[in-house]
Amino acid sequence: MKKIVYLIVLSLSLLNAKAFNAPMQTYMNELSAEAKAQNPNFTGFDATRGEKLFVSKQTGKKGSEMSCTSCHTNNLKNSGQNVNTNKPITALAPSANPARLTDVAEVQKWLRRNFNDVFAREGTALEKGDVLTYIINQ
């Protein structure tokens with residue numbers, strides 16, 4: 001019974017997001033299971049929470065105030081620029097850049113790096129899932 005309820009909740013939470021490819025959907029399912037294990041009250045990822053996290057100002061690993069928008073801009077359909085290296089960043093929104101959110105290893109690498117840069121720590125499964133849900137809906 002618990003498995004059925006979990007699968008229903010998982011399915012409903014993912015219906016709100018635009019489609020991930022199969023490997024990314026598997027990764028989202030793993031994040032969902034991890035979030036549920038960390039918090040039994042977890043009911044699914046939320047793009048609104050992801051957006052709040054994405055735009056929130058933090059003291060980054062270099063001690064300066066920043067947010068994800070510092071490099072990616074407020075409009076994820078636009079290109080950005082890394083504030084540390086000045087390297088250009090292609091649009092983050094999959095609607096503007098179809099290559100985004102397609103390679104799990106690449107997504108994991110950049111989530112790890114970017115959470116560390118902005119939040120000076122690893123992101124939780126809930127945070128990662130929320131941010132990815134926000135991004136895919138852009």
Quick one: side chains of residues 90-97, donor-acceptor pairs under 3.5 Å with protein atoms, not counting sequence neighbours, listed by atom name and distance.
from  : atom 1 : to     : atom 2 : distance (Å)
Thr90 : OG1    : Asn97  : ND2    : 3.1
Thr90 : OG1    : Arg100 : NH2    : 3.2
Ser95 : OG     : Gln138 : O      : 2.8
Asn97 : OD1    : Ala99  : N      : 3.3
Asn97 : ND2    : Ala91  : O      : 3.0

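Applying the salt bridge (Lys or Arg N to Asp or Glu O under 4.0 Å) rule to pairs touching residues 122-138 yields Arg49-Asp130, Arg121-Glu127, Glu122-Lys128, sequence neighbours excluded. For residues 79-108, no pair satisfies ring pair (Phe, Tyr, Trp, His ring centres under 6.0 Å), with sequence neighbours left out. Here salt bridge (Lys or Arg N to Asp or Glu O under 4.0 Å) pairs that include residues 110-120, with residues two or more places apart or in two chains, are Lys61-Asp117.
Between Ala125 and Leu31, the shortest heavy-atom distance links the atoms CB-O, 3.5 Å. Contact detail for Thr133 and Asn137: the closest heavy-atom pair is O-ND2, 2.6 Å. Of all non-hydrogen atoms in Gln58 and Val118, the two that sit nearest each other are CB-O, 3.2 Å.
Under a hydrophobic-cluster definition in which Ile, Leu, Val, Met, Phe, Trp and Tyr are linked whenever side-chain heavy atoms come within less than 4.5 Å, directly or via other members, Ile136 and Leu111 are assigned to the same cluster. Both Val83 and Phe54 belong to a single network of hydrophobic side chains, linked directly or stepwise wherever heavy atoms of I, L, V, M, F, W or Y lie under 4.5 Å apart. Both Val104 and Phe45 belong to a common hydrophobic cluster when Ile, Leu, Val, Met, Phe, Trp and Tyr are linked at side-chain heavy-atom distances under 4.5 angstrom.
Looking only at side-chain heavy atoms (C-beta outward), Leu101 and Ile135 come within less than 4.5 Å of each other. Side chains of Leu132 and Val107 form a contact here, defined as non-hydrogen atoms less than 4.5 Å apart. Side-chain contact check for Ile89 versus Gln81: every heavy-atom pair is 4.5 Å or farther apart.
Remark: Phe115 pairs with Phe119 by the ring pair (Phe, Tyr, Trp, His ring centres under 6.0 Å) rule, at least two apart or across chains. In this view, Thr48 satisfies the side-chain hydrogen bond (donor to acceptor under 3.5 Å, both in side chains) rule with no residue, not counting sequence neighbours. By the side chain to side chain contact (heavy atoms under 4.5 Å, CB included) test, Asn21 is found to be paired with Pro23, Met24, Thr102, residues two or more places apart in sequence or in another chain being considered. Partners of Ser67 by side-chain hydrogen bond (donor to acceptor under 3.5 Å, both in side chains), not counting sequence neighbours, listed by chain and number: Thr69. For Thr59, there are no side chain to side chain contact (heavy atoms under 4.5 Å, CB included) partners, not counting sequence neighbours. Residues passing the side chain to side chain contact (heavy atoms under 4.5 Å, CB included) test with Thr73 are Asn75, Asn78, sequence neighbours excluded. Taking Lys109 as the reference, Glu106 meet the salt bridge (charged side-chain N to carboxylate O under 4.0 Å, His left out) condition, with sequence neighbours excluded.
Checking side-chain atoms of Ser70 against main-chain N and O of Met66 turns up no donor-acceptor pair under 3.5 Å.
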Any chance you could lay out the side chain to side chain donor-acceptor pair (under 3.5 Å) test for Glu34 and Ser32, step after step, and finish with the verdict? CA-CA 5 Å; Glu34 188 178 335; Ser32 184; over 6 Å; no
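A distance of 8.0 Å separates NZ of Lys36 from CZ of Phe42, quoted to the nearest 0.5 Å.
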